[in-house]
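Here is the structure we will look at.
For ligands, and for the atoms within them, numbers begin at 1 and follow the listed sequence. All values below come from the heavy atoms of this structure, side chains included, with hydrogens, waters and symmetry mates left out.
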Amino acid sequence: MDVAGKKALVLGGTSGIGLAAARQLQARGARVMVMSRSADNLAEARRVLGDGADIRQLDVLDRAAMTATFAALAPYDILVNAATGGERATGPFLKMDLDGFQGSFRKLWGYVNTVRLGAEHLTQNGCIVLVSGSPARKCQPGMAAISTVGNAVEGFARAVAPELAPRRINVVSPGVIDTPMFPVQGEARAQFLAAATANTLLKRAGTADEVAAGILFAIENDFVTGSTIDVDGGALLP
Ligand SMILES: NC(=O)c1ccc[n+]([C@@H]2O[C@H](COP(=O)([O-])OP(=O)(O)OC[C@H]3O[C@@H](n4cnc5c(N)ncnc54)[C@H](OP(=O)(O)O)[C@@H]3O)[C@@H](O)[C@H]2O)c1
């Protein structure tokens, strides 16, 4: 797909990976529309993307608002959802608060809402990209909720790919990426990212732009569907 002139919706496109994907799409000439909930992130997206972008407040868990937004923006060619959904429960599963575990599935429900409510307005050669994460297939102590949700995202995309064809759907799976998803600041941040990537092959956190390049690959390559593309610095090995 040549994205120039195409209409691209990026849900969760106001921070981190989603914002980087929106910026890369815009740089290639796509008409970009980004959405999320918070005024601060919407303002940051306006600063980064400028007046050329359509920036709207939207919660991917609000199905009525999603339905109305998709109908208002239809038809479109590219649908990316990089939203975290809002909650990430970590820590030992056997001591985990089950509401926290369930809350982590907001990410999945946001993605399910996006495909169920958004696909009908996607052009016939259009495509969808969702975001999972290396814990889906690299299970480590304390990551049970994140791992389970990531698996669900990847399985969901494969499950719906046959019904969506010839429209395409793919997942990009990041490793540890230096984005605002991790709120820790200053020297503690560098230590956190170093510790989190010590057991990966490249021993550093990735950038939002590196993951966005994976999203652009999934969009631009017309022969890729039902796939998960790892952009994780070798997190799954050894
Ligand atoms: N960073 C990493 O190391 C890493 C690793 C593996 C996977 N991932 C995945 O990569 C994706 C992007 O993460 P990121 O690192 O770019 O995080 P981020 O910088 O925190 O950005 C998350 C984006 O999602 C939006 N969002 C969250 N809940 C939303 C909701 N209910 N409705 C609409 N928008 C919502 C946020 O905006 P508002 O708060 O304004 O709504 C923000 O724009 C997520 O799926 C995350 O799980 C990240």
Check the pair Val131, Tyr111 against side-chain contact (heavy atoms from CB on, under 4.5 Å), reporting the backbone distance first and the verdict last. CA-CA 9 Å; Val131 182; Tyr111 291 2; 3.8 Å; yes

Proximal atoms of ligand 1 relative to Ser15 (non-hydrogen, under 4.0 Å): 16 (O), 18 (P), 19 (O), 21 (O), 42 (C), 43 (O)

Who pairs with Arg63 by side-chain contact (heavy atoms from CB on, under 4.5 Å), at least two apart in sequence or on another chain? Asn113, Leu117

Counting from 1, what ligand 1 atoms have a heavy atom of Val176 closer than 4.0 Å? 3 (O)

Phe70 vs Tyr76 aromatic rings, parallel, tilted or perpendicular, using cut-offs 30° and 60°? tilted

For ligand 1, find out whether one of its N or O atoms is nearer than 3.5 Å to an N or O atom of Lys107. yes

Hydrophobic cluster identity match, Phe156 and Ile146, side-chain contacts under 4.5 Å: no

For ligand 1, which atoms sit closer than 4.0 Å to a heavy atom of Leu58? 32 (N), 33 (C)

Any luck finding a side-chain donor-acceptor pair between Ser36 and Asn41 under 3.5 Å? no

What's the shortest distance from atom 17 (O) of ligand 1 to any protein heavy atom, and which residue and atom give it? Met181 CB, 3.5 Å

Could you list which atoms of ligand 1 come closer than 4.0 Å to a heavy atom of Ser132? 6 (C), 7 (C), 8 (N), 9 (C)

Are Leu236 and Leu202 co-members of a hydrophobic cluster defined by side-chain heavy atoms under 4.5 Å apart? no

For Arg167 and Cys127: C-alpha separation, side-chain torsions, deciding distance, then whether side-chain contact (heavy atoms from CB on, under 4.5 Å) applies. CA-CA 5 Å; Arg167 295 162 297 183; Cys127 68; over 6 Å; no

Heavy atom to atom 32 (N) of ligand 1, shortest distance: which of Asp232, Leu11, Val60 holds it? Val60

Atom 10 (O) of ligand 1 [closest protein heavy-atom partner, distance rounded to 0.1 Å]: Val131 CG1, 3.2 Å

Name the closest protein heavy atom to atom 36 (C) of ligand 1, giving the residue it belongs to and the distance to 0.1 Å. Asn41 ND2, 3.9 Å

Are Phe223 and Phe217 grouped together when hydrophobic residues (ILVMFWY) are joined by side-chain heavy atoms under 4.5 angstrom apart? no

Side chain to side chain contact (heavy atoms under 4.5 Å, CB included) test vs Val231 passes for just one of Val172, Ile17, Ile215, namely Val172

Is Pro174 near ligand 1, meaning one of its heavy atoms is under 4.0 Å from it? yes

Looking at atom 5 (C) of ligand 1, what's its closest protein heavy atom, distance included? Gly175 O, 3.0 Å

Out of all atoms in ligand 1, which are within 4.0 Å of some heavy atom of Gly16? Include the element for each. 16 (O), 19 (O)

Report the member of Val211, Val172, Asp59 with the shortest heavy-atom distance to atom 31 (N) of ligand 1. Asp59

Give the residue, atom name and distance (to 0.1 Å) of the protein heavy atom nearest atom 16 (O) of ligand 1. Ile17 N, 2.8 Å

Is it true that Val171 and Val176 fall in one hydrophobic cluster, defined by side-chain heavy atoms closer than 4.5 Å? no

Ligand 1 versus Thr84: contacting region, heavy-atom distance under 4.0 Å: both

If we only count N/O pairs under 3.5 Å, is Ile177 in contact with ligand 1? yes

For Ala205 versus Thr197, what's the shortest heavy-atom pair and its separation? N-CG2, 3.7 Å

Donor-acceptor check, side chain of Asp222 to backbone of Met1, threshold 3.5 angstrom: yes or no? yes

Any heavy atom of Trp109 closer to ligand 1 than 4.0 angstrom? no

Tell me the protein heavy atom at minimum distance from atom 25 (C) of ligand 1, and give that distance in Å. Gly12 CA, 3.7 Å

Heavy-atom contacts with Thr179 under 4.0 Å: which atoms of ligand 1 show up? List them by number with element. 1 (N), 14 (P), 15 (O), 17 (O), 19 (O)

Could you check whether Glu154 and Ser132, counting side-chain N and O atoms only, form a donor-acceptor pair closer than 3.5 Å? yes

Full working for salt bridge (Lys or Arg N to Asp or Glu O under 4.0 Å) between Asp209 and Arg23: CA-CA 9 Å; Asp209 269 320; Arg23 214 178 49 236; 2.7 Å; yes

Protein heavy-atom partner closest to atom 26 (N) of ligand 1 - residue, atom, separation in Å: Ala83 CB, 3.7 Å

For atom 29 (C) of ligand 1, which candidate among Met35, Arg88, Arg37 provides the closest heavy atom? Arg37

Nearest to atom 43 (O) of ligand 1, what protein heavy atom do you find, and at what distance? Thr14 OG1, 2.7 Å

Within the 4.0 Å heavy-atom shell around Gly85, which atoms of ligand 1 are there? 27 (C), 28 (N), 31 (N)

Numbering as shown, the atoms of ligand 1 that approach Tyr111 to under 4.0 Å (heavy-atom distance): 45 (O)

If hydrogens are left out, which of Pro180, Ala82, Ala235, Ala205 has an atom nearest to atom 12 (C) of ligand 1, that is, the closest non-hydrogen atom? Ala82

Please indicate whether any nitrogen or oxygen in Gly133 is less than 3.5 Å from any nitrogen or oxygen in ligand 1. no

Is it the case that atom CG in Asp51 sees more than 12 heavy atoms from other parts of the structure closer than 6.0 Å? no

Does ligand 1 have an atom that lies less than 4.0 angstrom from a heavy atom of Ala45? no

Any salt bridge between Asp178 and Arg189, counting N to O under 4.0 Å? yes

